[in-house]
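Structure first, then comments.
All figures in this text were calculated on a predicted structure; none of them were measured in a lab. First listed ligand is number 1; within each ligand, the first listed atom is number 1.
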Amino acid sequence: MPGYFDHNATTPLSDAARQAWSEAQARHWQNPSSLYASAGAVRRLLEEAREAFAERLDCEPERIVFNSGATEGANLVMAHTARTGQRVAISAVEHPCVRDAAWKWFGAGQVLELPVDIEGRLDLENAMTMIQAEPPALVAVMAANNETGVIQPWQEMARFCHEQQIPFLCDAVQWIGKQPLEAIDRCSWVSISAHKFGGPKGIGILVIPEEQRWPLALQAGGPQESGHRGGTENYPAIAAMLAALEEALDHSPWSGDARDQFENRLRKIIPGIRIPGRNTPRLPNTSMAVMPHGKNLKWLIRLSELGFAVSTGSACSAGKSNPSHVMAAMQIDSEAMGRVLRFSSGAATTLEEWYSLAAALGEVQTALQHGSRSRNQLDFNQA
Ligand code: PLP
């Protein structure tokens with residue numbers, strides 16, 4: 001879909017994933033736990049898929065647990081750790097699925113927040129000092145931030161936690177499919193969602209610690225996934241997730257050139273625009289901008305009318321946007337937060353598409369400055 005710049009929210013199903021899913025639905029739809037031959041074939045395929053993921057992620061197949069995605073994964077890790085642990089440390093920019101799960105399972109008072117710098121990158125030295133001062137039962141640092149694209153020092157933190165013998169959770173949702181997989185196996189826990197790299201929604205992986213012997217079993221139910229996650233396995237979705245991952249990894253490495261050229265152009269077209277995180281390593285597909293004027297919802301609606309799908313960067317539902325803890329951690333004030341837009345491209349997005357987006361932003365800027373009316377009433381009433 002040209003004009004789609006919200007790949008960090010979700011990606012369209014890749015052709016390879018669609019084909020793998022259709023084939024599995026047509027031929028391998030049986031319950032892998034049933035005892036007849038056709039179900040046994042599905043069980044074998046499921047285990048082969050587990051081995052293929054393990055090989056890609058460079059870990060033992062026993063560490064791969066299929067689930068519905070990163071939200072479920074984070075909740076499982078937090079609930080499991082809170083059974084015996086007292087405190088958890090998380091970076092100040094974690095996705096709500098980690099942040100809110102930490103609060104829910106440990107209690108807000110037991111969640112130590114590790115600060116980030118002005119660019120939104122974890123302050124590693126400070127974080128290590130805080131952790132050493134009072135070692136928590138778990139440390140969670142995401143691989144790359146969904147709002148800013150800023151790459152976190154998760155490998156360094158994984159190594160440090162390993163030395164300190166503290167379990168480490170890495171939310172690798174935005175990393176997988178865009179960056180190399182090395183070092184993933186150094187984390188105790190890793191959470192992954194297929195729909196961020198061309199797979200279906202509602203399917204993902206939790207990589208569990210090597211030494212995890214007892215079933216995690218957060219939800220009561222059947223003995224699937226070695227007792228770690230009850231519920232009939234969704235083999236067609238797993239097959240599609242594998243096809244999507246292989247396609248994403250075989251794709252030539254992403255370069256951030258097109259995004260950078262877009263930002264350079266944008267800074268000329270829209271003087272006064274700010275791009276937080278620009279001076280630190282970021283995912284090659286993400287650009288978060290603080291517009292110089294006008295509420296972000298106004299921009300978003302007008303861009304949508306011009307055929308562009310972008311995000312406001314902060315949680316936004318039913319026309320209301322909540323202040324973003326990520327931007328607050330980067331010391332962006334609440335007024336400026338209301339002017340933030342996030343653009344995130346996909347593997348097939350071209351430089352021309354980035355330039356078209358820049359031109360559309362220029363058009364919206366002119367329209368907003370002249371106060372011309374949007375076709376959408378929402379613009380007047382809510383933005
Ligand atoms: N972690 C990050 C960094 C994300 O961007 C998302 C989705 O937006 C999630 C976790 C949650 O993934 P899901 O909604 O698939 O559970």
Expected rows: ligand 1 N/O, protein N/O, dist below 3.5 Å:
unit_1, atom_1, unit_2, atom_2, d
ligand 1, 1 (N), Asp171, OD1, 3.3
ligand 1, 1 (N), Asp171, OD2, 2.6
ligand 1, 5 (O), Gln174, NE2, 2.8
ligand 1, 8 (O), His95, NE2, 3.3
ligand 1, 8 (O), Lys196, NZ, 2.6
ligand 1, 12 (O), Ser193, OG, 3.4
ligand 1, 15 (O), Ser193, OG, 2.7
ligand 1, 15 (O), His195, NE2, 2.9
ligand 1, 16 (O), Ala70, N, 3.4
ligand 1, 16 (O), Thr71, N, 2.9
ligand 1, 16 (O), Thr71, OG1, 2.7

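Distance alone, capped at 3.5 Å, is enough to place a donor-acceptor pair between the Ser188 side chain and the Phe168 backbone.
The residues Arg50 and Glu225 are annotated as salt-bridged, a charged nitrogen and a carboxylate oxygen being separated by less than 4.0 angstrom. With respect to the salt-bridge test (charged N to carboxylate O, under 4.0 angstrom), the residues Asp260 and Arg278 do not qualify.
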Tabulate below the donor-acceptor pairs under 3.5 Å that side-chain atoms of residues 233-242 make, not counting sequence neighbours, or state none.
unit_1, atom_1, unit_2, atom_2, d
Glu233, OE2, Arg43, NH2, 3.3
Asn234, OD1, Ala237, N, 3.3

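Here Trp254 sits alone; no ILVMFWY side chain lies under 4.5 Å from its own, so it joins no hydrophobic cluster.
The side chain to side chain donor-acceptor pair (under 3.5 Å) pairs that include a residue from residues 54-64 are Arg56-Asp250, where partners are two or more places apart or lie in different chains.
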